[in-house]
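Data first, discussion second: the structure below is written as structure tokens.
Letters A, B, ... are given to chains in the order of the sequence lines, protein chains preceding strands, and every chain is numbered from 1.
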There are 2 protein chains.
Amino acid sequence: MAIIFSRKCELGIQAVLYLASAEGREVISSEEIANELKIPKEFISKILQELTSSGIISSKKGKMGGFSLAKNPNKIHLIDIVLAIDGADIFSKCVLGFPNCSSETPCPMHATWSQLIDETFKMLSEETIDNYKNKVLRKIESLK
Amino acid sequence: MAIIFSRKCELGIQAVLYLASAEGREVISSEEIANELKIPKEFISKILQELTSSGIISSKKGKMGGFSLAKNPNKIHLIDIVLAIDGADIFSKCVLGFPNCSSETPCPMHATWSQLIDETFKMLSEETIDNYKNKVLRKIESLK
DNA sequence: TTTTAATCAGATAAAAATATCTGATTTAAC
DNA sequence: GTTAAATCAGATATTTTTATCTGATTAAAA
Ligand code: SF4
Ligand code: SF4
């Protein structure tokens, strides 16, 4: 189903981007996020909880509660979300599924794949969600 | 669990590489492959069946039966195995999981990711299993 | 202070992926 | 021809991932 990120991670990124695009407003309810992203409220709630406990977003309980970014959008990198939800496995494990390969006698796939995944890691680490929010907002609007 | 290929696909690649490394012998039984790769015989059998029906390997039934490459190892590309088992989704679907994105108003992730996945596709298409077999055989031996 | 609307936390359900079982079929060797 | 060893095909079981439900807690507003 998912390409390289888990579904949870995909939706986590989408949700954080949506929060970023709603700058200026205090908090956004999980219901609004669910409606905008066209996914069940309960599922995104679970994901938002994970992101809250890892410090990327913050939540306000009670009536008029909701979620907001925990820090400035130019301080949040995509890699933060990926690591919080999916962990670091994709950046370290063998792409062919061999257990405990030390890459002492690397197979020919190793070099190319290492380079690709390193570039991916670099991209995710460099890009802040600040750079993304407006374009993705348009994307979300096109879902309506 | 798996990075970008499904577990089936990982094991499919491993199995084809093992067949390639056993050049000269007529057929290899699924049991031998299972033992060498340290995975259940029944699971690899299912995968070998899929690869047989997609024409990458061929099988010989009955006593003394087993599997062998269907063509010269320099004619089999890694992409053949990936497409046969996992299909083309990873090369075309949105990495953020947005449905039907036409990339008319691409988000900033699009360009970088497209490039990375295109390079992956290119690598898988260019590399034949002939290039891989010896190194991977060493890898398999190190599992013992 | 009571009501209401929201998150939170943990349990549960459903779906998908992964793995295993069973029996039929095929073919080599006796 | 019979037996034995292998694939083949489809059903079933297990595990993991994805999704949903339920009830408790929190805090704003009446
Ligand atoms: S060398 Fe090959 S088998 Fe080893 S970790 Fe790298 S890709 Fe995997
Ligand atoms: S533009 Fe962005 S949202 Fe659209 S397919 Fe590309 S990565 Fe996905």
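Atom CD in Glu32(B) sits roughly 15 Å away from atom C1' in dA5(D) (whole-Å rounding). If you measure from atom CD1 of Ile28(B) to atom C1' of dA5(D), you get 16 Å, rounded to the nearest angstrom. In this structure, Glu42(A) places its CD atom 13 Å from C1' of dA13(C), rounding to the nearest Å. Atom NZ of Lys41(A) is separated from atom P of dT18(D) by 21 Å (rounded to the nearest Å). Look at CD on Gln49(B): it is 16 Å from P on dA6(D), rounded to the nearest Å. Residue Lys8(B) contributes atom NZ, which lies 18 Å from atom P of dT15(D) at whole-angstrom precision. Distance Asp89(B) CG to dA17(C) P: 10 Å, rounded to the nearest Å. Straight-line distance from the CD atom of Glu10(B) to the P atom of dA17(C): 15 Å, rounded to whole Å.
Phosphate contact (OP1/OP2 of dT7(D), side-chain N/O of Ser30(B), threshold under 4.0 Å): present.
Using modelled atom types, no side-chain atom of Ser6(B) and backbone atom of Ala2(B) make a donor-acceptor pair closer than 3.5 Å. A donor-acceptor pair is defined here as one N or O able to donate and one able to accept, closer than 3.5 Å; no such pair exists between the side chain of Asp86(B) and the backbone of Phe5(B).
Considering only heavy atoms from C-beta on, Ile117(B) stays 4.5 Å or farther from Val95(B) through its side chain. You'll find the side chain of Lys75(A) stays beyond 4.5 Å of the side chain of Thr128(A), heavy atoms only.
Under the salt bridge (charged side-chain N to carboxylate O under 4.0 Å, His left out) criterion, the residue pairs touching residues 50-68 of chain A are Lys8(A)-Glu50(A), with sequence neighbours excluded.
When each of Leu11(A) and Gly65(B) is assigned the nucleotide of DNA chain D with its nearest heavy atom, Gly65(B) is the one assigned upstream, toward the 5' end. In terms of position on DNA chain C, the residue among Phe5(B) and Ser29(A) whose nearest nucleotide sits closer to the 5' end is Ser29(A).
A salt bridge links Arg25(A) with Glu32(A): the distance from a Lys NZ or Arg NE/NH1/NH2 to an Asp or Glu carboxylate oxygen falls below 4.0 Å.
By the 30° and 60° cut-offs, the orientation of the rings of Phe121(B) relative to Phe91(B) is perpendicular.
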Sugar-phosphate or base contact per nucleotide [nucleotides 24-30 of chain D; S, B, -; heavy atom under 4.0 Å]
--BBB--

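If you check every strand for non-hydrogen atoms under 4.0 Å, Ser6(B) touches sugar and phosphate atoms only.
The side chain of Arg7(A) lies closest to dA19(D) when the candidates are dA19(D), dT7(D), dT20(D).
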